[in-house]
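Comments concern the structure below.
Just so it is clear: chains get the letters A, B, ... in the order the sequence lines come, proteins before strands, and each one is counted from 1.
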There are 2 protein chains.
Amino acid sequence: MVRKTKEDALATRNLLLDAASRVFSEGGVGHTTLNDIAAEAGLTRGAVYWHFQNKSDLINALWERVALPMQQALDQIRSEFAHDVLAMTRAKSRWVLRQVVHDESTRQFMSILLLRCEFVAELASARDYMLAQRDQCIGQLADEFALAITRGQLPDTVRAQGAAISLLALMDGLCMHWLLNPQAFDLEQVGGVALDAYLDGLAIPR
Amino acid sequence: MVRKTKEDALATRNLLLDAASRVFSEGGVGHTTLNDIAAEAGLTRGAVYWHFQNKSDLINALWERVALPMQQALDQIRSEFAHDVLAMTRAKSRWVLRQVVHDESTRQFMSILLLRCEFVAELASARDYMLAQRDQCIGQLADEFALAITRGQLPDTVRAQGAAISLLALMDGLCMHWLLNPQAFDLEQVGGVALDAYLDGLAIPR
DNA sequence: AAATTTACATACATCCTTGTATGTATGTCA
DNA sequence: TGACATACATACAAGGATGTATGTAAATTT
């Protein structure tokens with residue numbers, strides 16, 4: 001097979017991204033060659049270099065493809081819980097845990113992000129993109145906490161920004177340890193309990 | 001200079017480990033070559049291959065050199081707080097945060113572990129060693145939580161193992177995010193607050 | 001003091017990996 | 001129905017990185 005229609009070409013591009021996600025999540029970003037990716041997709045490096053400038057460009061594309069839907073899903077949850085911000089925060093966190101456990105592409109993405117990617121100079125643009133996503137996520141959480149404080153759901157001694165960072169840290173840490181050994185514990189159960197403990201602990205007046 | 005005494009050779013070995021720690025924490029494990037390490041130490045690959053079988057072997061040595069003193073320091077803290085297990089857990093956690101912020105080698109180690117290392121097949125033995133260390137750490141924390149439950153410091157609805165995993169996850173997540181951007185927040189301050197919130201949240205009867 | 005070992009440095013062969021250049025068959029458009 | 005552009009595959013050149021083999025000067029042993 002050679003020349004394809006535009007839809008076929010887009011499908012090929014997604015095929016490559018799927019393959020990259022799989023191979024990266026197994027072999028690590030730095031240890032994976034473009035040939036590995038192409039072979040996993042049943043193609044050659046010619047296809048990779050046609051659709052992407054290089055490995056770094058491919059990684060950027062990979063992250064955009066995952067980050068956008070994830071952000072949209074979280075926005076959807078935000079809109080559903082506008083009346084109760086703490087419930088919103090809880091729902092978002094639980095959704096992430098559920099996705100990591102049950103959705104393979106999300107799991108692969110988190111695995112790459114947390115365990116299979118060295119954030120080095122070569123991937124500077126990908127790193128910056130990821131940091132921007134993180135800051136946006138923290139900003140949203142901080143807004144939620146700030147709103148919870150003004151609504152009296154949390155004491156005004158709580159620092160919204162710090163609380164947001166810590167929540168994200170807890171989530172990432174839980175995902176990281178679960179991905180290191182998924183049969184070690186139930187991520188949704190243990191994570192849910194930890195989430196409740198942390199948020200309820202924040203609510204204690206100090 | 002060529003031939004050294006045995007003490008000199010041991011110093012050279014440590015020089016190489018120091019250099020590896022530095023270069024790994026900057027350039028990532030997978031992207032760093034043995035020549036990079038040797039050059040950073042002012043030596044050649046000949047020295048590296050004399051003291052270590054290969055890169056994987058070097059990494060194992062690196063981790064053993066850091067993990068042992070860290071475990072000993074934590075044991076020291078454990079012995080000091082035998083009368084109050086929850087205070088012990090708090091003290092251990094705060095000590096880790098303090099070390100990461102103020103001790104460069106600890107910071108480099110955590111940076112490598114959390115951000116600059118792809119846990120792939122090539123590093124299987126290092127991965128296993130690290131997982132064993134982690135399990136031991138979780139086991140200790142779980143024992144502490146279990147003791148706190150029997151002493152009535154925590155309600156018996158708390159699952160010691162899950163609580164331990166979550167605490168370690170929180171610590172690792174905090175360190176990871178701080179290392180990603182150290183000027184974003186004060187690790188000791190924010191981490192301390194998060195730690196208190198989580199542990200106090202665990203203590204709430206459910 | 002000679003022999004041997006140690007602790008490296010240097011040199012070499014091999015194997016990727018990347019980037020690019022070129023080939024090629026097929027859509028697409030005039 | 002050419003002519004051109006597209007979507008790849010294939011081929012090629014260059015630079016590393018690894019592992020090993022060899023060289024070597026000082027330390028240690030005998």
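Straight-line distance from the CG atom of B:Leu15 to the P atom of C:dA9: 11 Å, rounded to whole Å. Whole-Å rounding puts the B:Leu43 CG to C:dT10 P distance at 11 Å. Rounded to an integer number of Å, the gap from B:Leu16 CG to C:dA7 P is 13 Å. What separates CG of B:Asp8 from P of C:dA9 is a distance of 13 Å, to the nearest Å. With rounding to whole Å, A:Trp50 atom CH2 is found 17 Å from D:dT10 atom P. Between B:Arg13 atom CZ and C:dT6 atom C1' there is a gap of 16 Å when expressed in whole angstrom units.
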Could you list the donor-acceptor pairs under 3.5 angstrom formed by side chains in residues 41-51 of chain B, with sequence neighbours left out?
from, atom 1, to, atom 2, distance (Å)
B:Thr44, OG1, B:Gly46, N, 3.3

Could you list the donor-acceptor pairs under 3.5 angstrom formed by side chains in residues 23-33 of chain A, with sequence neighbours left out?
from, atom 1, to, atom 2, distance (Å)
A:Ser25, OG, A:Ser21, O, 3.2
A:Ser25, OG, A:Arg22, O, 2.9
A:His31, ND1, B:Glu118, OE1, 2.7
A:His31, NE2, B:Glu122, OE1, 2.9
A:Thr32, OG1, A:Gly28, O, 2.6
A:Thr33, OG1, A:Asn35, N, 2.8
A:Thr33, OG1, A:Asp36, N, 3.2

If you restrict it to nitrogen or oxygen atoms, what contacts under 3.5 Å exist between nucleotides 17-19 of chain D and the protein, and what is each distance?
from, atom 1, to, atom 2, distance (Å)
D:dT18, OP2, B:Thr33, OG1, 3.2
D:dT18, OP2, B:Leu34, N, 3.2
D:dG19, OP2, B:Tyr49, OH, 2.3
D:dG19, N7, B:Arg45, NH1, 2.9
D:dG19, O6, B:Arg45, NH2, 2.5

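For the residue pair B:His102 / B:Arg107, no side-chain donor-acceptor distance below 3.5 Å is found, with atom types taken as modelled.
A:His51 has no side-chain polar atom (N or O) that falls below the 4.0 Å cut-off from OP1 or OP2 of D:dA7. Remark: B:Thr12 is in phosphate contact with C:dC8, judged by side-chain N or O atoms under 4.0 Å from OP1 or OP2.
Using a 4.0 Å cut-off between charged side-chain N and carboxylate O, B:Asp200 and A:Arg206 make a salt bridge. For the pair B:Arg90 and B:Asp196, the salt-bridge criterion is met [side-chain N within less than 4.0 Å of a carboxylate O]. Salt bridge annotation for B:Asp18-B:Arg65: present, with a cationic side-chain nitrogen under 4.0 angstrom from a carboxylate oxygen.
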